[in-house]
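Hydrogens, waters and symmetry mates are skipped; everything else that's a heavy atom, side chains included, is used. Everything quoted here is computed from the prediction, not taken from an experiment. Note that ligands are numbered from 1 as they come in the structure, with each ligand's atoms numbered from 1 the same way. Residue indices begin at 1 and follow the sequence shown.
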Amino acid sequence: MENTPVLIAPSLLAADFLELGKDVDMVNRSEADWFHLDVMDGRFVPNISYGLPVIAQIKKRARKPCDVHLMIEAPERYAAEFQKAGADILTVHYEACPHLHRNIQQIKSLGMKAGVALNPHTPVQLLENVIRDIDVVLIMSVNPGFGGQTFIEQTYHKLSEIRQLIRDSNAHALVEVDGGVSPENAAQLIQAGANVLVAGSAIFSSPDPEKTIAVMKGGR
Ligand code: DX5
Ligand code: ZN
């Protein structure tokens with residue numbers, strides 16, 4: 001897995017919602033690999049973003065897989081709806097799922113790839129008994145809820161720990177990192193074991209988002 005080329009997943013949370021089609025086209029044209037779509041319910045996280053109808057519209061235009069990050073309580077209530085709206089990868093939070101194993105099976109039975117996200121304080125070892133069942137581990141490098149926050153440095157250590165757990169378990173999950181990711185820390189994150197880099201503000205606030213994506217893709 002260490003030799004897997006790095007994937008870039010721009011987070012549309014930082015896009016211009018009045019010009020969403022243009023930003024979707026930019027990601028389509030760019031070297032990015034996935035669309036990262038952040039759904040917040042105002043309960044699991046202290047913010048509300050966008051939901052099913054917006055994702056269904058993005059899906060009509062997107063030419064790359066849609067990676068939906070659910071920051072919501074009881075995500076099993078909506079898994080089928082997100083599949084219909086166009087999610088290819090559906091990620092739920094460990095902290096929101098007392099029946100995580102069941103949630104993972106539900107997502108996979110709906111034909112999606114299953115991801116599990118960990119808040120910054122949640123130890124990676126808690127995934128030991130499901131790591132072989134999941135396609136993506138999303139390591140939060142900020143507290144979820146908002147774009148534009150400062151990267152938490154402890155994440156580098158966490159990435160090496162999850163990489164070790166994956167190796168020891170003979171698992172195949174991709175490791176995705178989300179929050180405060182930028183061209184400045186991309187290379188070090190890849191070095192620490194990340195396979196998928198999510199970035200919102202670093203891409204959409206840059207003068208040339210397509211170029212920023214290319215720079216991150218090159219790990220430079
Ligand atoms: C935060 C979201 C992120 C967010 C990242 O809760 O999960 O995907 O869009 O934004 P930046 O890259 O600006 O930290
Ligand atoms: Zn996210």
Exercise for review: May I ask you to determine how many protein N/O/S atoms are under 2.8 Å from the Zn ion (ligand 2)?
Suggested key: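 Step by step: take the Zn ion (ligand 2), keep protein N, O, S below 2.8 Å, and you get 4.
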With the threshold set at 4.0 Å, does a side-chain nitrogen-carboxylate oxygen contact exist between [X] and [Y]?
{"X": "K108", "Y": "D135", "value": "no"}
{"X": "D88", "Y": "K113", "value": "no"}
{"X": "E81", "Y": "K84", "value": "yes"}
{"X": "R102", "Y": "E76", "value": "no"}

Under a 3.5 Å threshold, I'd like every N/O contact between ligand 1 and protein atoms, with atom names and distance.
unit_1, atom_1, unit_2, atom_2, d
ligand 1, 6 (O), G145, N, 2.8
ligand 1, 7 (O), D38, OD1, 3.0
ligand 1, 7 (O), H69, ND1, 3.2
ligand 1, 7 (O), D178, OD2, 2.9
ligand 1, 8 (O), H36, NE2, 3.4
ligand 1, 8 (O), D38, OD1, 3.1
ligand 1, 8 (O), D38, OD2, 2.8
ligand 1, 8 (O), D178, OD1, 2.7
ligand 1, 8 (O), D178, OD2, 3.0
ligand 1, 9 (O), S11, OG, 2.8
ligand 1, 9 (O), D38, OD2, 3.1
ligand 1, 12 (O), G200, N, 2.7
ligand 1, 13 (O), G148, N, 2.8
ligand 1, 13 (O), S201, N, 3.0
ligand 1, 13 (O), S201, OG, 2.5
ligand 1, 14 (O), G180, N, 2.8

Review point. When rounded to the nearest 0.5 angstrom, what distance separates NE2 in H36 from CG in L7?
Key: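 So the NE2 of H36 and the CG of L7 are separated by 13.5 Å.
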Check your understanding: Is a side-chain donor-acceptor pair under 3.5 Å present for S206 with T212?
Key ->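 Present: a donor and an acceptor within the cut-off.
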**Study point:** Under 3.5 Å side-chain donor-acceptor pair for S169 and E128
**Key:**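 No, no side-chain donor-acceptor contact under 3.5 Å.
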Check your understanding: If you link I, L, V, M, F, W and Y whenever their side-chain heavy atoms are under 4.5 Å apart, who else ends up in the same group as L138?
Key ->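 M140, V142, which link up through side-chain heavy atoms under 4.5 Å apart, make up the rest of the cluster.
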Point to revise | ring-ring contact (aromatic ring centres under 6.0 Å, His included) pairs, two or more places apart, involving residues 93-138 | key: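 Residue pairs passing ring-ring contact (aromatic ring centres under 6.0 Å, His included), neighbours aside: F44-H93, H69-H93.
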